[in-house]
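We're numbering straight along the sequence, starting at 1.
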Amino acid sequence: MAIFDYKHQPFTDFSQPKNVKKFKEGLTTVKDSLKATYPLIINGERVFTDKTVKSLNPADHKEVIGSIHQAGIDEVDEAIKSAINAFDSWKKVAPKVRADVLFKAAGILKRRRFEFSALMTKEAGKPFAEADADTAEAIDFLEYYGRQMLEMETIDKKILSRKDLERNEYRYIPLGVGVVISPWNFPLAILTGMSSAAIVSGNTILLKPAETTQVIAYKYVEVLEEAGLPKGVVNFVPGRGSVIGDYIVNHPQIRFISFTGSREVGCRIYENAAKVQKGQIWLKRVIAEMGGKDAIIVDEDYSIDDAVEIILASAFGFSGQKCSACSRAIIHEKIYDKVVERLAEKAKLITVGSPEDPDTFMGPVTDHKAFKSIMDYIAIGKKEGRLIAGGSGDDTKGYFIEPTIFVDVDPQARIMQEEIFGPVLAVTKAKDFTQAISIANNTDYGLTGAVLSNNRMHLEQAREDFHVGNLYFNRKCTGAIVGYQPFGGFNMSGTDSKAGGPDYLVLHMQGKTITEQF
């Protein structure tokens with residue numbers, strides 16, 4: 001089965017009442033398991049510690065999703081030992097068998113799709129469509145990386161050259177034991193992509209999920225177990241970064257770190273991983289995705305109505321809590337006033353509320369820390385721009401913030417430069433297309449961007465000059481599809497690892513040339 005057999009998992013059509021009913025049934029299933037306790041999983045064994053944390057519903061922070069036992073240094077040491085032991089056998093398992101585990105896991109997720117999506121609605125605050133897309137992407141990663149591993153197996157067997165009585169081969173071998181540190185904003189999709197790529201390549205891992213979505217991560221590990229993954233290949237070690245994060249990254253027996261999260265933490269990991277520890281016999285590899293400050297450019301000839309719809313969908317989908325979210329709109333001066341007027345009108349129509357309501361477009365932000373940070377930026381925005389929509393938040397029951405838009409913002413303003421990771425959009429004016437590109441490039445990041453234009457030469461100019469890892473023309477800047485739009489960015493957006501692309505598995509492997517003389 002070649003990689004070109006891969007097909008993207010279709011999204012669920014929630015205009016169909018039967019699908020809304022299935023999602024609500026998934027919510028009922030999740031509600032029946034609320035307040036359960038979840039242990040660590042080390043070498044396939046359930047491990048209980050003397051410390052637990054409660055996972056709360058961000059839309060109703062009095063509702064407990066579950067209690068999760070937390071790993072300390074001792075548990076991390078045991079997990080590393082387990083991963084080392086498992087690596088000795090897992091690295092020799094045929095790639096076809098490793099891929100079959102991923103295919104089986106994909107099948108399980110397809111069967112339990114509405115349950116997992118509903119769990120993300122509860123634990124991550126994702127509305128129906130956002131949660132469904134997250135589950136679909138997780139399935140895509142499993143299907144895509146499984147096929148990619150099978151294709152790479154054919155490369156392994158390829159004879160590079162043959163001269164006289166000599167045969168030369170090139171093959172890929174796994175790196176060893178790694179740690180996967182996954183984010184909360186795509187708590188199933190990104191977690192699945194990072195971990196499945198590592199294990200299908202023959203590595204073993206410690207899996208440290210984000211602190212606010214640990215129940216989802218536990219349920220995913222259960223799926224891998226059901227799919228036949230041997231003990232010790234994935235070791236589930238939830239815990240506070242301040243307690244175990246640096247320890248894992250610095251450990252001399254950790255070969256690679258796969259991280260998705262904030263710039264601050266990512267840079268710390270990159271710096272710590274660069275230091276060779278006593279007893280370490282390799283240079284650690286870091287695969288990092290660290291966010292963005294993404295822009296949509298609107299050219300003078302583009303439909304104002306279409307531009308407004310694209311900007312709002314890109315800025316406020318999942319409350320702007322996507323590293324790919326549009327947080328800057330750069331509008332040509334000839335249509336600037338009309339676009340601003342229409343943005344103000346349309347933003348007021350966005351529904352904000354419980355993600356369990358199928359009519360909700362925008363749910364809560366993830367927790368109190370995020371709520372406070374975003375509200376602080378809104379206060380800054382009121383000094384840096386003109387508020388035309390939103391600007392208020394309410395954390396009485398859940399962490400809800402209105403879709404907020406500031407216009408007439410200086411390109412150097414903080415809300416135009418710093419990642420906010422919430423429903424805040426800054427809008428600025430450009431005198432021409434070249435200046436718009438210059439403004440778009442004027443940040444520390446380079447993840448995603450979009451250009452809305454009917455001018456072919458302007459699109460070609462952006463193709464060359466807009467410095468982002470994922471560039472979109474005449475569509476939104478979110479929603480990259482595995483295998484179609486490999487995802488990853490430049491500069492402080494990370495190592496441009498291109499998740500869901502043809503080179504991603506290679507990052508978890510190393511090349512070996514074998515020459516035999518006859």
Side-chain angles (χ1 to χ4, degrees), residues 76 79-80 82-84 86-88 90-91 95 98 141 145 148-149 152 155-156 170-183 190-209 232-235 237 241 244-291 323 446-447 469 486-513:
V76 167
I80 292 175
S82 169
I84 291 171
F87 179 64
D88 285 340
W90 182 244
K91 67 182 180 182
R98 299 198 301 256
F141 275 126
Y145 290 146
Q148 191 179 40
M149 191 68 244
M152 290 187 70
I155 297 174
D156 282 353
Y170 185 80
R171 65 175 56 178
Y172 288 105
I173 62 173
L175 293 174
V177 175
V179 56
V180 169
I181 304 172
S182 60
I190 294 181
L191 169 117
T192 300
M194 296 167 74
S195 59
S196 63
I199 62 177
V200 81
S201 303
N203 305 287
T204 57
I205 62 171
L206 279 65
L207 177 58
K208 182 191 174 302
V233 175
V234 172
N235 298 274
V237 285
I244 64 173
D246 286 351
Y247 183 80
I248 297 175
V249 170
N250 294 336
H251 199 286
Q253 290 176 300
I254 292 294
R255 179 64 179 81
F256 67 95
I257 301 99
S258 182
F259 169 79
T260 299
S262 72
R263 169 179 173 175
E264 178 186 4
V265 176
C267 288
R268 181 184 179 91
I269 288 172
Y270 201 75
E271 180 180 0
N272 289 350
K275 184 177 180 180
V276 178
Q277 304 291 333
K278 183 179 180 180
Q280 183 178 321
I281 61 171
W282 45 62
L283 299 177
K284 294 180 182 179
R285 188 172 295 179
V286 176
I287 306 163
E289 196 278 286
M290 303 189 302
C323 51
L447 186 55
F487 188 80
F490 308 143
N491 300 347
M492 283 298 163
S493 289
T495 55
D496 190 42
S497 50
K498 288 300 182 209
D503 305 321
Y504 193 68
L505 290 193
V506 178
L507 300 175
H508 304 78
M509 308 172 83
Q510 49 198 343
K512 184 176 183 178
T513 302

Point-to-point distance, once rounded to the nearest 0.5 Å, from NZ of K91 to CD1 of I173 | 8.0 Å
Any donor and acceptor pair, going by atom type alone, linking the side chain of S493 with main-chain N or O of G291 inside 3.5 Å?
-> yes
Shortest non-hydrogen separation from M152 to V506 and the atoms involved | CE-CG2, 3.8 Å
Given side-chain contact (heavy atoms from CB on, under 4.5 Å), test L507 with T495 step by step and report yes or no.
-> CA-CA 11 Å; L507 300 175; T495 55; 6.0 Å; no
Closest non-hydrogen atom pair, N235 against S82 | OD1-OG, 2.9 Å
Between A273 and V286, what is the shortest heavy-atom contact and its length?
-> CB-CG2, 3.5 Å
What pair of heavy atoms forms the shortest contact from N203 to G176, and how long is it?
-> OD1-N, 2.9 Å
Roughly how far apart are L206 CG and I80 CD1, rounded to 0.5 Å?
-> 5.5 Å
Rounded to the nearest 0.5 Å, how far does OG of S497 lie from CZ of R285?
-> 12.0 Å
Look up atom CD in Q280 and atom CD1 in I254, then write down how far apart they are to the nearest 0.5 Å.
-> 10.0 Å
Does atom CZ of R268 have more than 12 heavy-atom neighbours from other groups under 6.0 Å away?
-> no
Okay, side chain of K498, backbone of G469: is any donor-acceptor separation there less than 3.5 Å?
-> yes
Check whether any side-chain N or O of K284 sits under 3.5 Å from a backbone N or O of N272 as a donor-acceptor pair, and report yes or no.
-> no
Any sub-3.5 Å donor-acceptor pair from Q510's side-chain atoms to P174's backbone N or O?
-> yes
Considering only distance and modelled atom types, tabulate donor-acceptor pairs under 3.5 Å from the side chains of residues 257-267, sequence neighbours left out.
| from | atom 1 | to | atom 2 | distance (Å) |
| --- | --- | --- | --- | --- |
| S262 | OG | V265 | N | 3.2 |
| R263 | NH1 | D444 | OD2 | 3.1 |
| R263 | NH2 | D444 | OD2 | 3.3 |

Please test R98 against W90 for side-chain contact (heavy atoms from CB on, under 4.5 Å), starting from the C-alpha separation and ending with a verdict.
-> CA-CA 9 Å; R98 299 198 301 256; W90 182 244; 3.5 Å; yes
Value rounded to 0.5 Å, distance of CG in D496 from CD1 in I287 | 12.5 Å
Heavy atoms only: give me the nearest M149-P95 pair and the separation to one decimal.
-> CG-CB, 4.0 Å
Output all residues satisfying ring-ring contact (aromatic ring centres under 6.0 Å, His included) with Y504, sequence neighbours left out; order by chain, then residue number.
-> Y145, H508
Answer yes or no: is there a side-chain heavy-atom contact under 4.5 Å between P502 and Q148?
-> yes
Is a side-chain N or O of S182 found less than 3.5 angstrom from the main chain of L191, in a donor-acceptor match?
-> no
Which pair of heavy atoms, one from E289 and one from C323, lies closest together, and at what distance?
-> OE1-SG, 3.2 Å
Got more than 12 heavy atoms from elsewhere within 6.0 Å of CD, Q277?
-> yes
Please check if atom CZ in F490 has more than 12 non-hydrogen atoms from other residues, nucleotides or ligands closer than 6.0 Å.
-> yes
